[in-house]
Protein chains: 2
Amino acid sequence: MPHTLRGLYVIIDPAVAGKRDVLHVAREAIAGGAALLQWRDKTREKGTQLADVRALAEICRVAGVPLIVNDDVDLALAAEADGVHVGQQDLPVGVVRRLVPGGWIVGASTNNAGEARAAEADGADYVSVGNLFGTTSKDDTRPATLETLREVEAAVRVPVCAIGGIDETNIAGVVTAGADMAAVISAVMAADDPRAAAQRLAAAFG
Amino acid sequence: MPHTLRGLYVIIDPAVAGKRDVLHVAREAIAGGAALLQWRDKTREKGTQLADVRALAEICRVAGVPLIVNDDVDLALAAEADGVHVGQQDLPVGVVRRLVPGGWIVGASTNNAGEARAAEADGADYVSVGNLFGTTSKDDTRPATLETLREVEAAVRVPVCAIGGIDETNIAGVVTAGADMAAVISAVMAADDPRAAAQRLAAAFG
C-alpha cells in the first residue's frame, strides 16, 4: 500500500541528536505522531551509518512509517529503506528513480516553482520547499518564503513539504499556507521531550 | 570478457588534478599504459560529479580499461562504471556485491592479512594494501610495509594492489614484492607529462 505523504516529517540527524540515542528519539517521534522519517548523516562514512539505518528501517517498518534516506541511494538500498531524498547537487531525480525499486519514494529539495516543476517532471513523489525560517543545518540554505511555498503548491500536483527552521511557533502558518508535510529537525531531535514535541507539531495537521 | 586485474592503476582525483582537465589527464594515463582507472572525488556532491564520471566511463569503455568508482555505489551505477572500490569505513564488500550488476569489479582497501582475508571472503575481486610510502591523500592513512604486502599476497588468492605514495622511485620494489597492481595518484595526476609518467610506471610490470 502506498504511503500517505502528509503530516509531520521528522529528520533524524545524529549530529543534531548529540549524545542522545538517535533510535530512541526516532521511536519517540513516531510515538508522537511523525508520519515520515528521514535519515540524514552528513558526517560519518556510510559503513559506519549502516547498522543505525538498518535498525531505523526496521523500527519504521513495524510502525508503518516510511523511512527516507538523504542523498545516498546506495545506503538507502543497503538498509532497505522506503525512499531517498535528493538535493539539487545530489544525483538527479530521474537517475535516482532508475536505481531504486518500484514503489520507492523519491523526494527532491527545491527553492522555487521552476525547480519544483522540473523535479515533478523527472518523477519526484514530493518536493520540499525551503529554507523558510532559517536553520542551523547546512542544507537548503537558499531562502524561501510562505509565498514561495504557495507558488510551488500552485505549480505542482505532488505533495509539498515545507522545510527550514519549522517549530511550534510557525508550523500552523505553513499548514495554513497549504503544506502537505512539514519537515522538522531540531524541533524534535533537540526537544526535552521528543514525543511531546512531535505530538504538538503533528497536531498542526489536524 | 573479464578485465585483467594487473598493472598500473591510476586514481583520477580532481582535487589532485588542480586546474588540469581531469578527463585529459585520464586519456593521457590510458595512452601511457594504465590498466585500470579509479574515480575518486571526496569534495564535490555526487550530482556535480556525474557528468565527469559518465564521460570518463565512456573514455574507459572505448579504451577497454575498467573504471572503478571510489566509495559511492550509487554514483558508480548512475555512471555505468565497471566497479566500485570501498574502504573499511564504506559500505561492506558483501553489501556492495548485492547492489551492483554481475561481473562488476569490487575492490577493498585493507591494511593487513586479516582484513584482506575478510574482504576476499566477502567477495572482493581484489584487495589494496597500504599506506606503503606515505601520501598526501586522506585515505588509507594506516601505515603498511613491503612485508605487509607480502603477507597479504600469501593470505589471499585475489589480485593485490599496492597503494600509498607509489612513484617512479619505488614502484619496481612493489612489483618485485609481488604486487599485481600498483595504484598511483599524484605520480600521474600531478606529473608534468602524465602520459610519459604512466609509461615509465607501467613499464615496471614488464
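In what follows, chains are A, B, ... by sequence order, proteins preceding strands, each numbered from 1.
Proximity to chain A is limited to the side chain of L50(B), based on heavy atoms less than 4.5 angstrom apart. For a residue to count as touching a neighbouring chain, one of its non-hydrogen atoms must lie under 4.5 Å from one of that chain's; by this rule L91(A) touches chain B with backbone and side chain alike. In this structure, the portion of R98(B) lying under 4.5 Å from any heavy atom of chain A is its side chain and not its backbone. Looking at L77(A), the atoms closer than 4.5 Å to chain B (heavy atoms on both sides) sit in the backbone and in the side chain alike.
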Evaluate the criterion side chain to side chain contact (heavy atoms under 4.5 Å, CB included) for residue pair E153(B) and L149(B); output intermediate values, then yes/no. CA-CA 6 Å; E153(B) 283 156 8; L149(B) 178 60; 3.4 Å; yes
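The side-chain contact (heavy atoms from CB on, under 4.5 Å) with E120(B) is formed by just one residue from the set V152(B), V156(B), D125(B); it is V156(B). Residue I11(A) forms a side-chain contact (heavy atoms from CB on, under 4.5 Å) with just one option from I163(A), N70(A), V188(A), and that option is I163(A).
Top candidate by heavy-atom pairs under 4.5 Å with chain A, chosen from Q49(B), Q89(B), R44(B), Q88(B), is Q89(B).
A salt bridge does not link K46(B) to D90(A): none of the charged nitrogens lies less than 4.0 Å from a carboxylate oxygen.
In this structure, R97(A) contributes its side chain and W104(A) its backbone to a donor-acceptor pair below 3.5 Å.
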